[in-house]
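Keep in mind that the numbers below use all heavy atoms, side chains included, and drop hydrogens, waters and symmetry copies. So that the names make sense, note that chain A is the first sequence line, chain B the second, and so on, each numbered from 1. No experiment lies behind these values; they were computed from the predicted model shown.
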Number of protein chains: 2
Amino acid sequence: MPVPKGSTLDPERTRAAIVAAAMPILYERGLDGVGVAELCAAVGVSKETLYRHFGSKEGLIEAVLEARSERVTRWLRTAAEAAGDDPAAQLAAVFDALAGWHAEPDFRGCALLNAAAQHHGAPELDLAGRHLERRLALLTEIAARAGAADPGALARQLLILVTGCTVVADQHPTTPDAARLARQAALTLLEAAGSPRQSRDPR
Amino acid sequence: MPVPKGSTLDPERTRAAIVAAAMPILYERGLDGVGVAELCAAVGVSKETLYRHFGSKEGLIEAVLEARSERVTRWLRTAAEAAGDDPAAQLAAVFDALAGWHAEPDFRGCALLNAAAQHHGAPELDLAGRHLERRLALLTEIAARAGAADPGALARQLLILVTGCTVVADQHPTTPDAARLARQAALTLLEAAGSPRQSRDPR
DNA sequence: CTTAGATCGAACCGATCGGTACGATAACAG
DNA sequence: CTGTTATCGTACCGATCGGTTCGATCTAAG
């Protein structure tokens, strides 16, 4: 019996619905750009319900950010795996997916990074760190399977490219093709790291 | 007579002092993390004075961000020029300077990018865009003098590396050496773009 | 000394916001 | 039917914040 006592209307479902409905609003308007009252109205839920599920606005924000991190991580991994087994092809697919995201009209940068930039002290920073960690895991797999001499280092360079092109695409209107440029750079780095050519530079 | 009528205590000086004193506070605590009252107390100025000089908190923020953008731009250019004439050496010097910045205990990411992430609609986004534009100008000069086939494209890739490594250094504790990794990547890209090898990829 | 502009300090205002409390309603378990 | 639970809608509270106002004080020009 998944439902403990006598209950209905499925609190779990309600909670998930709140998270799903609040996510785009908090993303577009910013964490501090929308109050709890307006949020409840848009979500279609009363304040009491929201506070019973999440305890505070911070609690809701954390749940939304966590859900978002999981979603985008899954999405990126799916895009990579859909490109086959070749590491270079997977890497290219990752940046192509990013390019598609950046081109969406309501693109507003990475929600996790934006959140960390706003509430820098709070647990949002941990969320952002874990978010980057998940991305790093995917990139490390690709780097390792590509036979890179130092997969960890290459993966971190790729992480810098992924992060950088998303920020630039968001805030530098003169560079709308940031993902394409980053993709080209990533493939160049992948090639340079794959063949133990002149990657020597112990300093 | 630079002072119009009968005035003293130099309003210009006061204004500059406010900007200089408010800058680190707004940087460390975030634009919304400190109120006008506290800001005035820390700066050592009354509210009336602040509002006569800047009109609003937004006005102060814009002045502070503009001053910060000019300062960091000048700083980065100085670091590059101090490395001599070789483009590769200049590029390495840029990332070394970034590494030093990232290692400072009160490093909190790029103030301009953080501001744009917070007040995304307001003029802060323009400020951030112009900030990136200034950086791009420096990187374009270096890319052009390095003989890159497409200096604009290479410069934008370098901009992505600069931006990305700053964000990663701020929000990914497992990658404290982001600037070093970005430096290595930048030099690899510079070399690949210099010799017209396999940079072909018109799509 | 007189006068004008700059500054201070503190009080004050209106608005907003996060969070709580309460009575009413609807759904399901027993 | 009865009791429990989730939910709603609304009103409310305390705090904070951006911004204004005002009288007092200081400085320097004339």
Cation-pi, A:Tyr27 ring and A:Arg68 (6.0 angstrom, 45 degrees):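 Because its charged atom sits under 6.0 Å from the ring centre and within 45° of the axis, A:Arg68 does stack over A:Tyr27.
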
Any side-chain heavy-atom pair from A:Met23 and A:Arg71 closer than 4.5 angstrom?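 Side-chain contact under 4.5 Å: yes.
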
Give a yes/no on whether any side-chain N or O of [X] is located under 4.0 angstrom from OP1 or OP2 of [N].
X	N	value
A:Arg52	D:dT7	yes
A:His53	D:dT7	yes
A:Thr14	D:dT7	yes
A:Thr49	D:dA6	no

If you count the non-hydrogen atoms of other residues, nucleotides and ligands that lie under 6.0 Å from CG in A:Asp85, is the total more than 12?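 Counting other residues, nucleotides and ligands, CG of A:Asp85 stays at 12 neighbours or fewer.
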
Output one letter per nucleotide in nucleotides 9-23 of chain D: B when a protein non-hydrogen atom lies under 4.0 Å from the base, S when only the sugar-phosphate is that close, - when neither is. B--------SBB-BB

Would you mind reading off the bend of the helix from C:dC1-D:dG30 to C:dG30-D:dC1 from its two end axes, five pairs each, to 10 degrees?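 Its terminal axes enclose an angle near 10°.
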
Measuring from atom NE2 of B:His119 to atom CG of A:Asp32, what distance do you get when rounded to the nearest 0.5 angstrom?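 If we round to the nearest 0.5 Å, B:His119:NE2 and A:Asp32:CG are 9.0 Å apart.
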
A:Phe54 CZ to C:dG18 C1': how many Å, rounded?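 Atom CZ in A:Phe54 sits about 16 Å away from atom C1' in C:dG18.
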
Can you name the closest pair of heavy atoms from B:Ile18 and B:Leu60 and give their distance?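 Of all heavy-atom pairs spanning B:Ile18 and B:Leu60, the closest is CG2-CD1, 4.0 Å.
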
Among residues two or more places apart or on two chains, list those pairs meeting side-chain hydrogen bond (donor to acceptor under 3.5 Å, both in side chains) that have a residue in residues 140-162 of chain B.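 Those involving residues 140-162 of chain B are A:Thr175-B:Arg156, B:Arg77-B:Glu141, B:Gln90-B:Arg145.
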
